[in-house]
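A quick write-up on the structure given underneath.
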Amino acid sequence: MSFFAGIDIGSTAIKIVIVDKDENIVAQSVSASGSMFYKYAKESLERLLQSVNLTFEDISYTVATGYGRKLYKEADETISEITANAVGARKAGEKFGIIRTIINLGGQDSKAISLDEEGNVTNFAMNDRCAAGTGKFLDVAAAKLEIGVDELAKYHFASGDTVLTINSTCAVFAESEIITLLGNEHKKEDIVAAIHYSIARRVAKLIKRVGLKEVVYFDGGPALNRGLVAALEEELSTKIAVADNPQTTTALGAALIAKEAYEEL
Ligand code: ADP
């Protein structure tokens with residue numbers, strides 16, 4: 001039996017999805033990119049294959065995507081993360097309807113992607129120059145608040161009536177604002193909500209550049225944070241679809257593209 005691998009080497013995490021010829025997900029993983037993208041990607045794939053009793057030989061075609069895609073020498077093909085994200089979102093978001101807008105927040109960039117009814121990318125806007133509005137900002141803010149990124153949602157939903165704002169558009173200045181808020185004895189819960197709304201406002205600006213069409217689908221690691229999802233829904237005044245494994249959508253797209261490419265050989 002043939003299997004196909006999609007490897008998304010991101011700035012923060014390596015995501016791998018293996019699909020079979022019927023497009024079923026056989027295995028998937030998320031691991032840290034660390035400092036050695038190629039080595040860690042290869043080791044992660046090896047571990048993932050072992051976990052489902054497969055070997056490298058069982059993979060008929062591999063597509064690499066993401067920031068570090070060019071480093072994965074064994075890939076049969078590399079593809080832009082925008083294309084892979086679009087293909088993955090269409091599949092992972094099937095149950096929500098036809099995805100027309102993707103919001104992707106990664107470790108160090110944020111994107112808004114417009115799709116037509118057929119799932120083709122018609123427009124996109126990207127911010128990769130500033131850490132504010134990215135996973136990195138959430139990591140830094142959570143570390144400053146001495147909580148885990150996986151706890152941000154809990155804090156968000158426990159925030160009270162005190163509405164705080166973080167206005168800086170630069171992550172470094174925003175961190176100073178967080179320090180000032182802590183110094184003024186504001187509750188961590190209210191600060192977390194302020195961080196989420198500040199990111200939501202930045203995403204809204206990005207979305208404005210491509211135009212918002214429903215269904216809106218949110219992916220990337222920060223989409224695991226339901227507090228951020230709620231802030232985005234409020235800021236954009238729309239329902240936001242999030243798949244079960246939002247961090248692996250782009251890797252899924254790469255795996256599906258690998259399957260298509262193999263069948264066309
Ligand atoms: P990249 O593709 O650039 O490596 P990812 O899409 O993998 O980025 O997202 C990484 C970010 O996801 C991290 O910086 C972190 O902020 C966020 N993240 C990861 N796991 C969680 C979690 N369990 N809850 C909330 N946020 C998370």
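Numbering of ligands and ligand atoms starts at 1, following listing order. Only this structure's heavy atoms are used, side chains among them; waters, hydrogens and symmetry mates stay out.
- Heavy-atom proximity to Ala13, at under 4.0 Å, picks out these atoms of ligand 1: 4 (O), 7 (O).
- With respect to the salt-bridge test (charged N to carboxylate O, under 4.0 angstrom), the residues Lys42 and Glu46 do not qualify.
- Regarding atom 2 (O) of ligand 1, its nearest protein heavy-atom neighbour is Lys15 NZ, 2.7 Å.
- By the 3.5 Å distance cut-off applied to N or O atoms, Ser33 is not counted among the residues near ligand 1.
- Counting the atoms of ligand 1 from 1 in the order shown, those under 4.0 Å from a heavy atom of Gly220 are 6 (O).
- Between Arg100 and Glu117, at least one side-chain N (NZ, or NE/NH1/NH2) sits under 4.0 Å from a carboxylate O, which counts as a salt bridge.
- The shortest N/O to N/O separation between Gly221 and ligand 1 falls below 3.5 Å.
- Residue Pro222 places a heavy atom under 4.0 Å from ligand 1.
- The shortest side-chain heavy-atom distance between Asn225 and Pro222 does not fall under the 4.5 Å cut-off.
- A cation-pi contact, defined as under 6.0 Å to the ring centre and within 45° of the axis, is absent between Lys239 and Phe96.
- Val19 and Met1 fall into different hydrophobic clusters, where Ile, Leu, Val, Met, Phe, Trp and Tyr side chains are chained together by heavy-atom contacts under 4.5 Å.
- Against a heavy-atom cut-off of under 4.0 Å, Leu105 is close to the following atoms of ligand 1: 6 (O).
- Lys111 forms no cation-pi arrangement with Phe124, by the criterion of a distance under 6.0 Å to the ring centre and an angle within 45° of the ring axis.
- In terms of protein heavy-atom proximity, atom 25 (C) of ligand 1 is nearest to Val149 O, 3.4 Å.
- You'll find the side chain of Leu145 stays beyond 4.5 Å of the side chain of Tyr155, heavy atoms only.
- Ring geometry for Tyr197 against His156 counts as tilted: the plane angle lies between 30° and 60°, on a 0 to 90° scale.
- Short contacts between ligand 1 and Leu224, defined as distances under 4.0 Å to a heavy atom of the residue, involve ligand atoms 20 (N), 21 (C), 22 (C), 23 (N), 24 (N).
- Tyr61 and Glu260 are not linked by any side-chain donor-acceptor pair at a separation below 3.5 angstrom, with hydrogens and angles left out of the test.
- Checking only distances, Asn225 never comes within under 3.5 Å of ligand 1, N or O to N or O.
- Heavy-atom proximity to Gln247, at under 4.0 Å, picks out these atoms of ligand 1: 5 (P), 7 (O), 9 (O), 10 (C).
- Atoms of ligand 1 lying under 4.0 Å from at least one heavy atom of Gly135, given by number and element, are 14 (O), 16 (O).
- Within ligand 1, the atoms closer than 4.0 Å to a non-hydrogen atom of Gly106 are 3 (O), 6 (O), 8 (O), numbered from 1 in the order shown.
- With no hydrogens or angles considered, a side-chain donor-acceptor pair links Thr249 and Tyr217 at under 3.5 Å.
- Shortest contact from atom 15 (C) of ligand 1 to any protein heavy atom: Asp139 OD1, 3.2 Å.
- The protein atom (non-hydrogen) at minimum distance from atom 8 (O) of ligand 1 is Gly107 N, 2.8 Å.
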